[in-house]
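First listed ligand is number 1; within each ligand, the first listed atom is number 1.
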Amino acid sequence: MIKDIIKLAPLALIALVACGGGNSGGSLSAEDRFVDSVVNSMTLQQKIGQLNQVTAGSVEDMEKLAAQGMMGSILNESNLDNLHRIQKAAVENPPHIPVLISRDVIHGYKTIFPIPLGQAASFDPELVRNGSRISAVEAASDGIKWTFSPMLDIARDPRWGRIAEGYGEDPFLTSIMGAAAVKGYQGDDLSDPTSIAACAKHFVGYGAATGGRDYNSTYIPMRLLRNVYLPPFRAAAQAGCATYMSSFNDNDGVPSTGNKLILTDILRNEWGFKGFVVSDWFSVGEMINHGFAADMKDAAQKAITAGLDMDMVANAYKDYLEALVSEGKVPESQVTNACKNIVRIKYRLGLFQNHYPTVSQEVKYAPEHLEAALHTAEQSAVMLKNNGALPLKNAKKILLCGPLADAPHDQLGTWVFDGEKSHTVTPLTALKQAGYDVNYVPALTYSRDNNTSKFADAARAAKSADVVIFVGGEESILSGEAHCLSNLNLQGAQSALLETLHKAGKPVICVIMAGRPLTITDDIKNCDAILYMFHPGTMGGNALVNLVSGKVSPSGKLPASFPKNAGQIPVYYNQNNTGRPASGHEILLDNIPAEAGQTSLGCTSYMLDTGFGPLYPFGYGLSYTTFDFSDFAINKTEFAGENDEIKISFSVKNTGEYDGAEVAQIYVRDMVASITRPIKELKGFKKVFLQKGEQQNVEISVPLSALKFYGLDDKEILEKGAFEVWVATSSANEDIKWKTKIEVK
Ligand code: GLC
């Protein structure tokens, strides 16, 4: 624990004076005055030092580097005494600039929330904001002041392991959730001791990795970049995100880390971003592998010239920037600007006054934090099937089965460095705590387990139970960075176990904990109910009990389409219509007559074996109760100008036997435009909680500006013409509750 008080570095005094100076003294703000006064007094080498981020190493080496002023930031160091020594060395030696301590706090620090893909399924941005706020409070109490989150990569390919870390396939949902996360991490005031800087990553297009293989090249044309992949990052900028991270991928031949168009022209010149950009891990050096830089010195020049401010662990800036400036290949002003961007964020974080945690250490796993994690896990669960087996009514004896029924490590999901599995409440623990008569027969000990020797025991146990709860899915290592799969079926012998359990003749509740959509197509028939919890985090077991008992009705909606099989990928809802849209009545493989005529099957855009649509569509999820929509109204049907607003109102009534929540979704289609536009796009949603029998009037507004898109000349435009607007409870046509046409004049 840190006992001694760091001497207020000389710069802290300047910062105090600058802050106290308000905006007096000309047009420069106090912040600008401070940043200029500090950076303009630094040597070139000292400025370069701020551009250098290192990873944890020997404390002596780190202390020395900090004392030399060559450590702008550090990541992966969590020992508080080491951090104290490093920080002391930095602030007590010129240029006396505190080190920015960073960490991957992706979905919780100690209290672990559902993975971001699961949080997106809640369709409740307030849950995401609150979860990020709690993560910041816990992380800041250990001296962390910067997280590499939120991840805003649109992912249309669940083979890509990192789909787990983002908010799914939709730009609007990802924008809303990403902005909420930024607000949560950064709080109302970045200098608050509990606030940490957010980092919008991975900028940009990383989720479009060819073939779903991580780090692979992407080929996103400018209009698709503008209309699908960039919007969440623009929303983060509008939310005041302090930092961005350049992505590993080369898009259409240019690695993001050396891409001036995105790092400077769009991020800074168009969006007005004033924070700083850090590279992803060693991605400056990886431009050599890309064949985009000849050597590390060339890579350093390409990165700094593109507008990359901080080099994560490649030492390219540290080793080569001074020479590049002296050789006239890089203007010193480029280094000065990068240094100012970094010092600006350190100033906003209040680092010059407060180097260390000033909040209670008792915040970790605080009861209210665990309660929030429980609530989020409940709201993130998506019920995909229920033939009446849920909620459990008279079930006394439960057979609990499956490789994730008591897997405290895997339940937490990917990107968990600080959460401790000892705090995980698993389904086994929670069911016992709830007083159920639980017979636990895992039958498989981990998700890839192919050992079927315990299946007979499980089958016998099922016969003597009232209900079977199977908890399966993926070990946490099977999703996340560099963990991509070409086959998305349940791993190991899980499907065979489900079939065995089904044959025992008792209701089978299938609970999936996974980091991605899985192709559970052939498992559905063996399940009486399916609850998809993604990786639900620390409180997943309690959430499961509250859901299956009926205390909480499932209300999650899918943030990504579920493919029927991997061959169907990519399958996502907001696709273009094509010139030959599928009718849904096509002849499929099993129904093709012998010697069928060449054109007899219908020439439309579909697959002979899987047809057209996904296994489960974006926005889909069931409840224990039912909802009736009525009294639809729209403020008008003709609109002019992007400052206008569409207002749709309607009434929702809970007509079932349980309290529950429905997510009303607003989709829009631009019927004719100067470029082909998606058949539908989510432009609004509201989660409505209703007690049994309760009715609520709801209004959802969609600004006309939401109908803009980037057209042929790379300008964002709102085109006149006809649009369709509808209210639905998923992206599937059969879930449309109301539809109308509007005209933009
Ligand atoms: C990793 C990831 C990035 C993470 C960074 C620091 O390679 O791509 O998301 O924040 O390195 O750990």
Taking the ring centre of each residue, are Phe148 and Trp281 less than 6.0 Å apart?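 Not under 6.0 Å, so no.
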Look at atom CZ of Arg85 and say whether more than 12 heavy atoms of other residues, nucleotides or ligands are closer to it than 6.0 Å.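 Atom CZ in Arg85 is crowded, with more than 12 foreign heavy atoms closer than 6.0 Å.
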Tell me whether Glu169 is salt-bridged to Arg156, with the criterion being a basic N under 4.0 Å from an acidic carboxylate O.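 No, no charged N to carboxylate O under 4.0 Å.
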Using a 4.0 Å cut-off on heavy atoms, what residues surround ligand 1? Order them by chain and number.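 Leu75, Asp104, Phe148, Arg162, Lys201, His202, Met245, Phe248, Asp280, Trp281, Met312, Trp415, Glu481.
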Just do the side chain to side chain donor-acceptor pair (under 3.5 Å) check on Glu138 and His369 with the steps written out, would you? CA-CA 9 Å; Glu138 293 193 352; His369 294 180; 2.8 Å; yes
Scan side-chain atoms only and decide if Thr305 and Lys260 contain a donor-acceptor pair under the 3.5 Å cut-off.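 No pair is found: no donor N or O on one side chain lies under 3.5 Å from an acceptor on the other.
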Side chain to side chain donor-acceptor pair (under 3.5 Å) assessment of Arg234 paired with Ser175: CA-CA 8 Å; Arg234 183 163 70 169; Ser175 298; over 6 Å; no
